[in-house]
Amino acid sequence: KQEVTQIPAALSVPEGENLVLNCSFTDSAIYNLQWFRQDPGKGLTSLLLIQSSQREQTSGRLNASLDKSSGRSTLYIAASQPGDSATYLCAVIPPHGSSNTGKLIFGQGTTLQVKP
Amino acid sequence: DAGITQSPRYKITETGRQVTLMCHQTWSHSYMFWYRQDLGHGLRLIYYSAAADITDKGEVPDGYVVSRSKTENFPLTLESATRSQTSVYFCASSDPRLNQPQHFGDGTRLSIL
């Protein structure tokens with residue numbers, strides 16, 4: 001059974017710092033991996049999606065990497081800002097043959113606080 | 001506006017009552033999902049649907065019923081609510097043919113007394 005783990009559960013950093021959030025998964029057979037952001041009382045907003053054949057994806061100050069062989073992904077946030085404060089969730093989609101099942105398996109998230 | 005909307009946003013009910021959470025999406029996505037989010041468990045899949053009239057169980061389906069008569073709607077029903085079903089419920093949709101992430105609604109916060 002696929003399990004997704006995110007460590008640490010919480011992280012507090014000063015503004016301007018570069019930081020890395022970690023995600024690990026137990027089964028390397030994945031269709032894709034996604035990083036989401038969740039603000040308090042809100043739904044999930046997709047940040048980055050990495051296909052199983054890709055190594056990384058970038059969007060602005062965010063860079064996500066994927067190493068399937070080791071079952072790890074990292075989300076790198078450059079020059080953090082107070083507005084980055086939120087919970088960051090990692091999720092994988094297991095494949096069904098070569099098809100996209102769409103069924104996300106989530107980690108429990110890392111709650112990030114960026115202090116001014 | 002295009003998007004995915006959930007209603008109600010907040011609901012308080014009593015044990016044993018039936019309650020239905022609504023989900024509507026405007027993208028004509030074929031896939032729709034219901035997740036619940038709980039402290040200590042994170043987000044877990046309850047039910048999903050690959051198309052109208054096609055539904056299947058996720059990780060935690062007990063106590064829930066779904067239907068999907070139209071592509072755009074995917075209601076979730078708790079037939080006899082229990083306190084353990086107090087949670088935040090999220091609906092999501094996606095088109096698996098596209099390499100795009102799932103879109104989530106803002107959630108329904110359900111409290112069962």
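In what follows, chains carry the letters A, B, and so on, assigned in the order in which the sequence lines appear, proteins first and then strands, with residues in each chain numbered from 1.
Linking ILVMFWY residues whenever their side-chain heavy atoms come closer than 4.5 Å, directly or via other members, places A/Ile105 and A/Phe25 in the same cluster. Under the 4.5 Å side-chain heavy-atom criterion for Ile, Leu, Val, Met, Phe, Trp and Tyr, B/Phe90 and B/Phe74 are members of distinct hydrophobic clusters. Hydrophobic clustering (side-chain heavy atoms under 4.5 Å, transitive across Ile, Leu, Val, Met, Phe, Trp, Tyr) keeps B/Leu78 apart from B/Leu45. Put simply, B/Ile4 and B/Tyr89 are part of two different groups of oily side chains (I, L, V, M, F, W, Y) that touch within less than 4.5 Å, one to the next. Residues B/Tyr31 and B/Leu76 do not share a hydrophobic cluster, clusters being chains of Ile/Leu/Val/Met/Phe/Trp/Tyr side chains in contact below 4.5 Å.
Within 6.0 Å of the CG atom in B/Leu113, the count of heavy atoms belonging to other residues, nucleotides or ligands exceeds 12. Summarising the local packing, CZ of B/Arg17 is surrounded by 12 or fewer heavy atoms from other residues, nucleotides or ligands at distances under 6.0 Å.
Of the two parts of B/Arg44, neither the backbone nor the side chain holds a non-hydrogen atom closer than 4.5 Å to a non-hydrogen atom of chain A. Looking at B/Leu43, both its backbone and its side chain come within 4.5 Å of chain A, counting heavy atoms on both sides. Of the two parts of B/His103, neither the backbone nor the side chain holds a non-hydrogen atom closer than 4.5 Å to a non-hydrogen atom of chain A.
The side-chain contact (heavy atoms from CB on, under 4.5 Å) search around B/Thr20 returns B/Met22, B/Pro75, B/Thr77, not counting sequence neighbours. Listed by chain and residue number, nothing satisfies the salt bridge (charged side-chain N to carboxylate O under 4.0 Å, His left out) test with A/Arg72 (two or more places apart in sequence, or in another chain).
Here CZ of B/Phe104 is found 5.0 Å from CZ of A/Phe36. Values are rounded to the nearest 0.5 Å.
When all heavy atoms are compared, the tightest approach of B/Gln102 to A/Gln34 is N-OE1, 3.7 Å. Looking at every heavy atom in both residues, B/Tyr48 comes nearest to A/Lys103 through CE2-CD, 3.3 Å.
Within the 4.5 Å cutoff, the side chain of A/Leu104 has no heavy atoms near those of the B/Phe33 side chain.
Contact tally against chain A (heavy-atom pairs below 4.5 Å) for B/Arg9, B/Gln37, B/Arg109, B/Gln6: the top residue is B/Gln37.
Against chain A, the residues from residues 49-67 of chain B that qualify, each with a non-hydrogen atom under 4.5 angstrom away, are B/Glu59 in number order. Residues from residues 42-60 of chain A that place a non-hydrogen atom less than 4.5 Å from a non-hydrogen atom of chain B comprise A/Lys42, A/Gly43, A/Leu44, A/Ser46, A/Leu49, A/Gln51, given in numerical order.
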